[in-house]
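Note sheet for the following structure.
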2 protein chains.
Amino acid sequence: MARVIVDVMLKPEILDAQGQAIARALPRLGFSAVASVRQGKRFEVELDGPVDDAALADVRKMAETLLANTVIEDYTVTVERAES
Amino acid sequence: MARVIVDVMLKPEILDAQGQAIARALPRLGFSAVASVRQGKRFEVELDGPVDDAALADVRKMAETLLANTVIEDYTVTVERAES
């Protein structure tokens with residue numbers, strides 16, 4: 001089994017209200033060195049077969065059609081563990 | 001500015017209903033090679049200063065007190081970009 005990670009983040013030009021709320025809460029909790037926070041989603045996808053080009057193309061299509069809203073979000077696909 | 005990533009995922013023994021819903025939707029969309037999906041959160045934290053041990057300890061404390069619910073969630077801290 002192989003594991004592929006899909007990270008989905010709001011595009012930089014889209015206001016991230018959740019991230020801003022976190023960034024604003026941090027000084028109150030005693031953390032002062034944080035310039036900004038952005039919050040997104042992480043998907044751990046376990047694949048049955050090997051991670052070849054076809055499988056990665058499938059995951060990318062999955063990200064585009066189901067996991068991310070590409071109008072407002074960017075996604076990145078990373079192979080975490082090729083086979084075991 | 002340095003960027004630190006905090007990934008927060010439900011512990012393996014906790015039911016991930018969102019991930020299951022995604023995994024169940026995939027065959028309907030034509031993706032058959034997926035064994036399971038787990039969904040979590042990703043935080044991109046921009047730090048003002050350098051990423052030294054003290055800063056990383058701070059981010060870990062942040063994760064424990066604000067970003068993750070450690071009763072049901074695990075978190076990992078990764079340095080994405082040390083300085084620029």
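Proteins come first, then strands; the chains are lettered A, B, ... in the order of their sequence lines, and each starts at number 1.
The part of L66(A) that comes within reach of chain B is its side chain, from C-beta onward, which places non-hydrogen atoms under 4.5 angstrom from that chain. For a residue to count as touching a neighbouring chain, one of its non-hydrogen atoms must lie under 4.5 Å from one of that chain's; by this rule L29(B) touches chain A with the side chain only.
Nearest heavy-atom pair across D48(A) and S32(B) is OD2-O, 4.4 Å.
Test V37(B), I22(B), V34(B) against M62(A) for side-chain contact (heavy atoms from CB on, under 4.5 Å) and you get one pass: V34(B).
Hydrophobic cluster membership differs between V6(A) and L10(A), with clusters built from Ile, Leu, Val, Met, Phe, Trp and Tyr side chains linked at under 4.5 angstrom.
No more than 12 heavy atoms of other residues, nucleotides or ligands lie within 6.0 Å of NZ in K61(A), so this atom counts as exposed by the packing criterion.
For the pair L47(B)/F31(A), no side-chain contact is recorded, criterion being any heavy-atom separation below 4.5 Å from C-beta on.
Put simply, of Q18(B), M9(B), K41(B), E44(B), the one with the most heavy-atom pairs under 4.5 Å next to chain A is E44(B). Ranked by heavy-atom pairs under 4.5 Å with chain A, the list D7(B), L67(B), V8(B) is led by D7(B).
Here the CZ-CD1 distance, from R38(B) to I5(A), works out to 12.0 Å after rounding to the nearest 0.5 Å.
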